[in-house]
Amino acid sequence: MAARSSRLSLALLLVLGAAGLCAAKEYDFFYLVVQWPGSYCDTKQSCCYPKSGKPAADFVIHGLWPNYIDGSYPLNCDPDSEFDPSKVSDLLSSLRAHWPTLACPANDGVSFWRHQWDKYGTCAAGVVDEHDYFQAALRLRDQLSVLSALTAAGVNPDGGYYTLGQIKDAIQQRTGFEPYVECNRDKSGNSQLYQVSFCVDPAGDRLMECPVLPHGKACGSRIKFPAFLLLIFSPS
Ligand code: 5GP
Ligand code: 5GP
């Protein structure tokens with residue numbers, strides 16, 4: 001009897017220990033990555049506007065990505081947890097406005113949100129469910145107001161050129177957090193402001209200083225901030 005109960009306690013300890021380890025190992029923080037639609041479109045690859053129409057000229061969400069403090073990250077954590085649009089039905093109009101897809105062919109965005117949930121969101125699903133994951137990204141994007149931070153410092157999306165220091169200082173002044181700035185190249189090969197990343201606590205509640213900076217494409221010494229204009233020709 002005594003041997004049986006000690007075996008049971010040992011099994012219980014092992015189960016609890018494993019659960020604790022899993023909870024602790026889940027991930028350490030998120031990167032919230034926002035993209036400038038003008039720079040996504042102003043490349044050799046071009047872009048398509050989503051079926052709901054041209055998004056406003058503002059930074060939009062690319063993703064909310066779980067990460068470990070050693071710089072590594074989990075991916076595709078649960079093939080059984082498929083993206084379910086009905087779980088975010090109250091968020092759909094905000095997702096269309098602030099997390100639109102600019103990839104071709106033009107579509108309603110569901111495949112982009114599904115890709116983000118399957119690849120990244122499922123790795124946070126033990127902490128935030130599908131609804132809270134998308135809601136957190138939308139709320140944090142609103143809170144950051146990256147475009148107003150830039151324009152308040154005279155960094156305008158007008159095709160002009162700025163330094164990395166000007167861009168980072170403008171964002172840090174307003175948001176209180178050092179961003180990571182990533183650039184891509186326009187059709188003529190000029191370095192341009194493409195993505196800005198911030199760090200978020202594992203619950204998706206608060207912005208925090210980044211424990212480790214992400215990897216991304218470098219920026220040139222002169223960084224173009226292109227306008228987000230209407231496409232004259234849509235390749236869809
Ligand atoms: P990620 O790098 O986030 O894992 O994957 C991006 C994927 O989402 C690519 O396959 C890309 O074509 C697709 N995608 C669809 N719409 C967008 C968009 O608006 N921006 C970006 N960056 N990728 C998009
Ligand atoms: P530092 O450690 O002096 O801040 O930066 C080292 C290098 O990383 C420099 O070449 C600097 O331009 C680059 N760097 C710093 N912050 C960023 C950033 O947000 N984005 C990019 N692309 N490079 C950065």
Side-chain angles (χ1 to χ4, degrees), residues 27 29-68 71-79 81-83 85 88 91-125 128 130 133-134 136-138 140-141 144 146-147 157 179-187 191-200 204 213-219 225-231 234-236:
Y27 58 97
F29 67 97
F30 288 108
Y31 286 122
L32 175 73
V33 183
V34 296
Q35 59 181 359
W36 176 246
S39 299
Y40 185 91
C41 291
D42 186 14
T43 63
K44 277 191 190 143
Q45 184 190 310
S46 199
C47 72
C48 291
Y49 295 152
K51 291 228 160 103
S52 47
K54 180 180 184 264
D58 199 351
F59 283 84
V60 289
I61 299 166
H62 178 169
L64 182 64
W65 302 338
N67 237 268
Y68 301 117
S72 68
Y73 46 86
L75 291 176
N76 300 308
C77 294
D78 185 2
S81 163
E82 280 191 6
F83 176 69
V88 290
L91 304 176
L92 283 177
S93 66
S94 299
L95 287 169
R96 282 189 207 105
H98 305 302
W99 199 332
T101 178
L102 292 160
C104 297
N107 66 87
D108 60 6
V110 171
S111 62
F112 187 31
W113 307 328
R114 172 172 293 119
H115 170 84
Q116 292 296 319
W117 172 255
D118 292 352
K119 187 168 170 184
Y120 307 101
T122 54
C123 299
V128 281
E130 184 189 309
Y133 174 80
F134 285 94
L138 289 165
L140 292 159
R141 190 215 71 101
L144 283 163
V146 173
L147 183 61
Y180 181 76
V181 173
E182 195 186 325
C183 295
N184 66 1
R185 303 226 166 239
D186 72 7
K187 292 188 185 76
S191 181
Q192 61 183 355
L193 174 55
Y194 172 42
Q195 298 201 124
V196 185
S197 303
F198 297 89
C199 290
V200 178
L213 286 179
H215 302 293
K217 290 187 200 78
C219 293
F225 192 7
F228 180 40
L229 299 169
L230 267 175
L231 282 176
S234 164
S236 67

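Just so it is clear, the values below take in all heavy atoms, side chains as well, and ignore hydrogens, waters and symmetry mates. Residue numbers start at 1 and run along the sequence shown. Atoms within each ligand, like the ligands themselves, are counted from 1 in listed order.
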Under a 4.5 Å cut-off applied to non-hydrogen side-chain atoms, are Arg141 and Asp58 in contact?
yes
Among Trp65, Tyr120, Phe112, which one has a heavy atom closest to atom 23 (N) of ligand 1?
Phe112
Using a 4.0 Å heavy-atom cut-off, which part of Trp113 comes near ligand 1: side chain, backbone, both, or neither?
neither
For a side-chain contact (heavy atoms from CB on, under 4.5 Å) check, start with the C-alpha distance between Val146 and Phe198, then their side-chain angles and the critical distance, and finish with the verdict.
CA-CA 11 Å; Val146 173; Phe198 297 89; 3.8 Å; yes
Among all protein heavy atoms in this structure, tell me which lies nearest to atom 16 (N) of ligand 1, with the distance rounded to 0.1 Å.
Thr101 OG1, 2.6 Å
Heavy-atom nearest neighbour in the protein, as seen from atom 7 (C) of ligand 1, with distance rounded to 0.1 Å:
His115 NE2, 3.7 Å
When you compare the side chain of Tyr27 with that of Cys123, does any pair of heavy atoms fall below 4.5 Å?
no
Is Ser111 in contact with ligand 1, taking contact as a heavy-atom separation below 4.0 Å?
no
Geometric N/O contact His62 with ligand 1, under 3.5 angstrom:
yes
Taking 4.0 angstrom as the limit and counting only heavy atoms of Pro100, give me the atoms of ligand 1 inside it, by number and element.
19 (O)
Can you report which non-hydrogen protein atom sits closest to atom 19 (O) of ligand 1, along with the distance?
Leu102 N, 2.9 Å
Given Cys41 and Cys47, is the disulfide (SG to SG under 2.5 Å) satisfied, shown in steps?
CA-CA 5 Å; Cys41 291; Cys47 72; 2.0 Å; yes
Is the shortest heavy-atom distance from the side chain of Tyr49 to the side chain of Pro55 under 4.5 Å?
yes
Establish whether atom 10 (O) of ligand 1 and some protein heavy atom are separated by less than 4.0 angstrom.
no
Walk me through whether His62 and Phe112 qualify under side-chain contact (heavy atoms from CB on, under 4.5 Å).
CA-CA 9 Å; His62 178 169; Phe112 187 31; 3.9 Å; yes
Walk me through whether Tyr133 and Phe30 qualify under side-chain contact (heavy atoms from CB on, under 4.5 Å).
CA-CA 11 Å; Tyr133 174 80; Phe30 288 108; 4.2 Å; yes
Enumerated ligand 1 atoms positioned under 4.0 Å from heavy atoms of Tyr194
22 (N)
Report the C-alpha distance between Gln116 and Trp65 in whole Å, list the side-chain angles of each, state the deciding distance to 0.1 Å, and finish with yes or no for side-chain hydrogen bond (donor to acceptor under 3.5 Å, both in side chains).
CA-CA 8 Å; Gln116 292 296 319; Trp65 302 338; 3.0 Å; yes
Any idea which protein heavy atom is nearest atom 12 (O) of ligand 1, and the distance to it?
Ala103 CB, 4.2 Å
Decide yes or no on ring pair (Phe, Tyr, Trp, His ring centres under 6.0 Å) for Phe83 and Phe134, but give the supporting numbers first.
CA-CA 11 Å; Phe83 176 69; Phe134 285 94; 5.5 Å; yes
Answer yes if a protein heavy atom lies under 4.0 Å from atom 21 (C) of ligand 1, otherwise answer no.
yes
Starting from atom 18 (C) of ligand 1, what is the nearest protein heavy atom, named by residue and atom, and what distance separates them?
Gln35 NE2, 3.4 Å
Do any heavy atoms of Trp99 fall under 4.0 Å from ligand 1?
no
